[in-house]
Participant: 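One structure is given below, represented as structure tokens, and several questions about it will come after.
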Amino acid sequence: MRKKATIEQPRSVLPSGKAENDFFTRVYEVVRLIPKGRVTSYGAIARFLGSGRSARMVGWAMNAAHHQHPPVPAHRVVNRNGQLSGKMHFGNPDEMERLLQKEKIQVVQDTVVDFEHHFWDPAKEIEFL
DNA sequence: CCGGTGACTCTAT
DNA sequence: TATAGAGCCACCG
């Protein structure tokens with residue numbers, strides 16, 4: 001019986017008044033739930049967050065993810081074909097691939113090998129509290 | 001306020 | 001199988 005990851009229901013505003021549930025923040029929450037050795041896609045995250053065609057926004061969020069705390073494992077997010085389309089945004093163009101290899105994910109020609117086998121679908125793996 | 005931009009994806013040709 | 005266009009919408013100047 002594997003336990004599903006969980007995430008809080010969307011709330012418009014936190015008691016602090018901070019926008020906890022703005023799109024970027026929710027993207028970060030989802031990405032942080034991706035287990036080591038697994039990957040997902042920009043589109044899958046966008047669909048999970050209820051904005052199916054906003055995959056670009058997810059990419060945008062990743063662009064700003066470097067400064068986030070806790071850290072966001074942006075290297076586990078690739079495009080729908082398993083390609084490392086975001087590699088150029090890591091300090092070193094080979095950094096993204098290196099991080100994935102480190103998690104036993106094979107990468108050949110900027111593409112995750114056996115992508116579907118490693119694919120982690122937020123819609124199936126996360127349940128709301 | 002406006003418009004260009006983009007770590008994307010889907011559809012039509 | 002390839003290529004082009006559109007939808008998407010936060011950010012920035």
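Here is how names work: the chains are called A, B, and so on, in the same order as the sequence lines, proteins then strands, and each is numbered from 1. All values reported here derive from a predicted model rather than from experimental measurement.
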Participant: Measure from CH2 on A:W60 to C1' on C:dA10 and round the result to the nearest Å.
Facilitator: 7 Å
Participant: In whole Å, I'd like the distance from the CE atom of A:M62 to the P atom of C:dC9.
Facilitator: 17 Å
Participant: May I ask you to test the A:V78-A:S85 pair for a side-chain heavy-atom distance under 4.5 Å?
Facilitator: no
Participant: CZ/A:R76 to CD1/A:I105 distance, rounded to the nearest 0.5 angstrom?
Facilitator: 7.5 Å
Participant: Figure out the CG/P separation between A:N81 and B:dC10, and round it to whole Å.
Facilitator: 9 Å
Participant: Distance check needed: B:dC8 P versus A:K87 NZ, whole Å only.
Facilitator: 14 Å
Participant: Mind calculating the distance between CZ (A:R53) and C1' (B:dC8) to the nearest angstrom?
Facilitator: 13 Å
Participant: For B:dC8 and A:S85 - does any side-chain N or O of the residue sit under 4.0 Å from the phosphate oxygens OP1/OP2?
Facilitator: yes
Participant: For the atom pair CD1 (A:I34) and CZ (A:F119), what is the distance rounded to the nearest 0.5 Å?
Facilitator: 9.5 Å
Participant: For the side chain of A:R56 and the base of B:dC8, is some donor closer than 3.5 Å to an acceptor across the two?
Facilitator: yes
Participant: Checking A:N81 side chain against A:Q83 main chain: does a donor-acceptor pair fall under 3.5 Å?
Facilitator: no
Participant: Base, sugar-phosphate or nothing for A:H66? Non-hydrogen atoms, less than 4.0 Å.
Facilitator: base
Participant: A:L49 CG to C:dC8 P: how many Å, rounded?
Facilitator: 16 Å
Participant: Mind checking if A:N63 touches a base, just sugar-phosphate, or nothing, with heavy atoms under 4.0 Å?
Facilitator: base
Participant: So with a 6.0 Å cut-off around CD of A:E95, is the heavy-atom count from everything else above 12?
Facilitator: yes
Participant: Roughly, in whole Å, what's the span from NE2 in A:H89 to C1' in B:dT5?
Facilitator: 12 Å
Participant: Over how many whole Å does the gap from A:M88 atom CE to B:dC8 atom P extend?
Facilitator: 13 Å
Participant: The side chain of A:M57 is closest to which nucleotide in this list: B:dA7, C:dC9, B:dT9?
Facilitator: C:dC9
Participant: For the side chain of A:S54, starting at C-beta, report the closest nucleotide among C:dA10, C:dC8, B:dT9.
Facilitator: C:dC8
